[in-house]
Amino acid sequence: EDQVTQSPEALRLQEGESSSLNCSYTVSGLRGLFWYRQDPGKGPEFLFTLYSAGEEKEKERLKATLTKKESFLHITAPKPEDSATYLCAVYTGNQFYFGTGTSLTVIP
Amino acid sequence: EPEVTQTPSHQVTQMGQEVILRCVPISNHLYFYWYRQILGQKVEFLVSFYNNEISEKSEIFDDQFSVERPDGSNFTLKIRSTKLEDSAMYFCASRSLGAGDTQYFGPGTRLTVL
């Protein structure tokens with residue numbers, strides 16, 4: 001069964017304290033892995049797409065990496081405005097499967 | 001910057017009533033999707049739509065659900081006879097052909113079934 005698991009469920013960081021979020025997946029025929037940011041009561045906001053193992057993408061304080069079984073979202077020196085839920089999703093060519101997300105809180 | 005829009009932002013209905021949720025995808029996009037997110041749970045795929053027909057649907061998308069693209073801009077999700085468990089946020093998303101499969105989501109419609 002296709003599955004996407006994110007960890008941790010929740011993460012509290014001090015401002016400037018770097019960390020990583022994990023997304024592990026077991027799907028047949030990965031076409032792409034996506035990271036989204038979701039603020040409360042809003043739709044997911046696209047961050048990155050990764051297509052193959054070894055690929056990396058960066059945007060400001062965020063960096064996403066991909067292996068054959070998992071992806072990491074690294075957050076460097078986070079700020080309070082980075083507080084949100086970060087969602088991982090995989091695309092198999094037919095459907096998108098989402099993880100349950102990691103709720104990140106960055107404390108000033 | 002183009003964006004996906006959805007109306008209404010919040011819909012309250014009585015159990016057994018029909019509701020129509022509306023979406024305006026990004027204008028040059030060709031693939032359209034509906035997802036739902038029950039409070040506190042993961043985003044779940046409902047249906048994908050391309051070339052005026054359903055291309056994929058999940059087990060959740062049963063006979064009480066239907067989708068339509070009534071004109072060149074709108075994409076709708078109809079729930080024929082709502083149930084309490086249909087209460088959720090419903091997100092529309094769209095993507096263009098060859099855009100690396102990136103989907104852009106709307107802000108969602110919160111459906112509350114009483």
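Just so it is clear, the model here is predicted, and its values are computed rather than measured. Reminder, nothing fancy here: chain letters follow the sequence lines and each chain counts from 1.
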Q: Can you establish whether the number of heavy atoms outside A:K57 located under 6.0 Å from its atom NZ is more than 12?
A: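 More than 12 within 6.0 Å, yes.
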Q: Using a cut-off of 6.0 Å, state whether more than 12 heavy atoms not belonging to B:E85 lie near its atom CD.
A: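 Atom CD in B:E85 is packed in, count exceeds 12.
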Q: State the CZ-NZ distance between B:F91 and A:K42, to the nearest 0.5 angstrom.
A: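 Between atom CZ of B:F91 and atom NZ of A:K42 there are 11.5 Å.
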Q: With a 4.5 Å cut-off on side-chain heavy-atom distances among I, L, V, M, F, W and Y, is there a chain of contacts connecting B:I54 to B:I60?
A: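 Both belong to a single hydrophobic cluster.
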Q: Does B:E44 reach the side chain of A:F96, with side-chain heavy atoms less than 4.5 Å apart?
A: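 When only atoms from C-beta onward are counted, A:F96 and B:E44 do not touch, as no gap falls below 4.5 Å.
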Q: Measuring from atom CD of B:E56 to atom OG1 of A:T92, what distance do you get when rounded to the nearest 0.5 angstrom?
A: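 If I round to the nearest 0.5 Å, the distance is 7.5 Å.
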Q: Identify which part of A:Q38 has an atom lying under 4.5 Å from any heavy atom of chain B, answering side chain, backbone, both or neither.
A: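 When you check distances to chain B, only side chain atoms of A:Q38 fall under 4.5 Å.
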Q: Are B:F65 and B:V67 linked, directly or through other ILVMFWY residues, by side chains that come within less than 4.5 angstrom of each other?
A: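 Looking at the clustering, B:V67 is in the same group as B:F65.
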Q: Counting only non-hydrogen atoms closer than 4.5 Å, does B:Q6 touch chain A with its backbone (N, CA, C, O), its side chain (CB onward), both, or neither?
A: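 It is neither, since no heavy atom gets under 4.5 Å.
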Q: Are more than 12 heavy atoms, taken from residues, nucleotides or ligands other than B:D71, located less than 6.0 Å from that residue's CG atom?
A: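 Counting other residues, nucleotides and ligands, CG of B:D71 exceeds 12 neighbours.
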Q: Is it true that atom CG of B:L39 has more than 12 heavy atoms of other residues, nucleotides or ligands lying nearer than 6.0 Å?
A: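 At most 12 heavy atoms, drawn from other residues, nucleotides or ligands, come within 6.0 Å of this atom.
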Q: For a 4.5 angstrom cut-off between non-hydrogen side-chain atoms, does A:Y36 reach B:F105?
A: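 Yes, their side chains come closer than 4.5 Å.
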Q: Got B:F45 and A:F98 here, is their nearest side-chain heavy-atom distance under 4.5 Å?
A: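 A side-chain contact under 4.5 Å is absent here.
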Q: Can you name the nearest heavy-atom pair linking A:T100 to B:K42, along with the distance?
A: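 Smallest interatomic distance, heavy atoms only, reads CG2-CE, 3.6 Å.
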